[in-house]
Protein chains: 2
Amino acid sequence: MDYSIGQVAEAAGVTVRTLRHYDAIGLLRPSGRTAAGYRRYGDADLERLQQILFYRELGFPLEDIATILDDPDADALTHLRRQRELLMGRIDRLRAMVDAIELAMEARRVGVDLTPEERLEIFGGDPDVHRAEAEERWGDTDAYRESQRRTAAYTKEDWKRITAEQKAIVDGFAEARAAGVPATDARAMDLAERHRGFITDSFYECSVRMHRRLAELYVNDSRFTAVFDRTAEGLAQYVHDAICANADRQEAR
Amino acid sequence: MDYSIGQVAEAAGVTVRTLRHYDAIGLLRPSGRTAAGYRRYGDADLERLQQILFYRELGFPLEDIATILDDPDADALTHLRRQRELLMGRIDRLRAMVDAIELAMEARRVGVDLTPEERLEIFGGDPDVHRAEAEERWGDTDAYRESQRRTAAYTKEDWKRITAEQKAIVDGFAEARAAGVPATDARAMDLAERHRGFITDSFYECSVRMHRRLAELYVNDSRFTAVFDRTAEGLAQYVHDAICANADRQEAR
DNA sequence: GCTGGAGCCTGCCGTAACGTCAGGGTCAAC
DNA sequence: GTTGACCCTGACGTTACGGCAGGCTCCAGC
């Protein structure tokens with residue numbers, strides 16, 4: 001509930017000095033102090049620290065991180081979605097670099113010379129893309145505000161619709177299973193696809209690959225299993241199977 | 001052949017100041033100066049700059065980069081191999097982060113609480129792994145020296161053996177094709193697999209996936225195509241097909 | 001009751017990798 | 001022959017900390 005600076009440093013893999021620095025510049029102020037002036041970090045502080053470390057690892061300056069995290073228009077889900085996109089972008093970039101490396105390896109092996117431009121192409125690729133990208137993404141652009149409206153500002157109406165759809169899907173799975181419909185049946189798969197579309201429309205883009213990973217989660221993590229099983233015992237497994245079957249079908253198309 | 005500091009900065013996507021800094025600390029000294037004292041960069045300088053930028057992007061301090069690049073025991077291929085491994089490691093790490101993000105997204109969506117440790121697990125994962133990793137990798141360890149000996153110090157004997165095997169494989173492909181053996185025949189596929197094993201043993205680890213990428217290169221990049229086609233017209237395509245067929249076979253096993 | 005060592009505090013100076021001027025030379029073009 | 005783009009060398013500023021010094025705090029053990 002309440003950690004000393006040393007404990008937080010240990011848990012997060014940073015130095016005590018770093019945490020004091022973040023306090024000094026106002027990036028992460030501990031939510032309390034003891035009578036003797038010792039810093040005390042709460043759970044919310046840890047959560048914020050985790051966000052800080054994430055953006056820091058991607059090379060964001062601390063000042064920008066503060067701006068991002070203190071944006072009152074961005075909720076946790078917005079952050080997660082942005083973080084995932086940032087990561088994907090980085091992975092793509094690294095993959096492109098791997099390709100370039102392999103090109104260079106093979107060129108050297110067979111004695112082909114690469115042009116200077118060819119070699120600098122990828123690596124010179126300005127590494128502060130995320131500077132411009134960031135401004136475009138969480139800056140004052142219309143596109144950003146638009147994407148914001150989609151989820152950050154749900155109306156009560158929206159929430160009613162969303163929870164209804166959520167319930168309809170889960171109930172649909174439960175009924176299908178009760179009726180003896182196998183998880184590999186088209187009706188179950190359709191429900192899975194509807195589930196995927198629902199997530200994409202209302203929360204975050206959910207690819208087939210990602211849907212598959214979610215299915216794994218539902219059966220492997222008891223906390224997620226419980227969410228389904230409180231509708232019907234063993235439903236998580238059924239949903240998992242339907243999602244997998246649907247994923248196979250989608251990929252086969 | 002010979003570029004001004006501004007041209008190099010432009011091409012590499014760095015500032016002029018950065019290049020002057022690298023000159024000042026001795027990391028990248030231009031190979032010449034004009035009578036008026038203007039810096040002049042040659043092709044070798046560009047190549048070194050490219051290496052510098054690579055390691056810099058992966059977060060290495062400039063001093064370490066100098067040590068790496070000035071290591072007399074490491075040739076270009078050694079660098080490329082190391083770079084590829086470093087990239088793969090980073091990609092793995094980013095992928096793990098994506099997984100963690102997706103876990104958090106889904107947890108939030110269905111209302112599951114993650115524990116603080118769970119959240120810090122990945123992100124707290126010390127980002128200076130490559131510090132220890134680097135020392136272990138290019139430091140004074142036995143394992144490193146061992147891996148060095150494999151390729152950095154080819155004897156004349158080795159080279160004779162290697163070029164002979166290279167020629168044997170290419171000739172094998174040419175003969176098979178001349179004899180009307182289809183690229184999808186087991187004999188052609190065996191040659192492809194021998195080619196892959198040859199690269200792995202003598203140069204760098206070549207996975208099936210990578211072998212496939214090399215095959216693409218052979219037909220898509222005219223400079224590589226030429227390497228094969230100077231043995232026999234159209235051989236590159238044949239080799240490409242054989243590699244693909246073999247890759248399918250390997251993956252099917 | 002006190003004492004020793006681990007942990008915490010606030011300055012304050014150092015460092016790495018540049019950014020950003022200031023003040024001044026160079027060069028091709030008009 | 002001068003204008004504007006490009007180059008030079010200092011030199012000081014900045015970010016994100018590392019690493020002290022000098023001093024308080026807290027708990028375990030005698």
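What you see is a predicted model; the values in this text were computed from it and never measured. Naming convention: chains lettered A, B, ... in sequence-line order (proteins, then strands); numbering from 1 in each chain.
- Straight-line distance from the NE2 atom of His21(A) to the C1' atom of dA16(D): 5 Å, rounded to whole Å.
- Formation of a donor-acceptor pair under 3.5 Å by the Asn220(A) side chain with backbone atoms of Glu216(A) is found in this model.
- dA17(C) atom C1' lies 15 Å from atom CG of Leu28(B), rounded to whole Å.
- The CZ-P distance, from Arg20(A) to dC20(D), rounds to 14 Å in whole Å.
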Tyr22(A) vs Arg17(A), test: side-chain hydrogen bond (donor to acceptor under 3.5 Å, both in side chains). Steps then yes/no. CA-CA 9 Å; Tyr22(A) 291 168; Arg17(A) 180 69 180 78; over 6 Å; no
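- Here Tyr22(A) reaches the OP1 or OP2 of dC17(D): one of its side-chain N or O atoms lies under 4.0 Å away.
- Using the six-membered ring where Trp is involved, Phe224(B) and Tyr218(B) have ring planes that are tilted, between 30° and 60° apart.
- Going from atom CD of Glu57(B) over to atom P of dC18(C) covers 12 Å, rounded to whole Å.
- Taking atom OH of Tyr3(A) as the reference point, atom P of dC8(C) lies 15 Å away to the nearest angstrom.
- To the nearest angstrom, C1' of dC24(D) lies 7 Å from OH of Tyr38(A).
- Contact check, Arg39(A) against dC9(C): a side-chain N or O comes under 4.0 Å of OP1 or OP2.
- Place Ala35(A) and Gln7(B) on DNA chain D by their nearest nucleotides, and Gln7(B) ends up nearer the 5' end.
- Residue-level contact check: Arg33(B) touches the backbone only, with heavy atoms under 4.0 Å from sugar-phosphate atoms and none from bases.
- Atom CG of Leu62(A) is separated from atom CD1 of Ile25(A) by 4.5 Å, given to the nearest 0.5 angstrom.
- The side chain of Thr18(B) lies closest to dC18(C), out of dC17(D), dA16(D), dC18(C).
- Residue Thr15(B) places none of its side-chain N or O atoms closer than 4.0 Å to OP1 or OP2 of dC18(C).
- For the pair Phe60(B) CZ and dA16(C) C1', the interatomic distance rounds to 16 Å; values are reported in whole Å.
- Here the side chain of Pro61(B) is nearest to one of dA16(D), dT25(D), dA17(C), namely dA17(C).
- No contact: Thr34(A) has no heavy atom under 4.0 Å from any strand.
- Atom-to-atom distance recorded for Asp71(A):CG and Thr78(A):OG1 is 8.5 Å, nearest 0.5 angstrom.
- Along DNA chain C, the nucleotide closest to Ala36(B) and the one closest to Leu62(B) are compared, and the more 5′ of them pairs with Leu62(B).
- The base of dT20(C) lies close enough to the side chain of Arg17(B) for a donor and an acceptor atom to sit less than 3.5 Å apart.
- Residue Ile25(B) is classed as having no contact, given no heavy-atom separation below 4.0 Å to the nucleic acid.
- Atom CG in Leu53(A) sits roughly 13 Å away from atom P in dA16(D) (whole-Å rounding).
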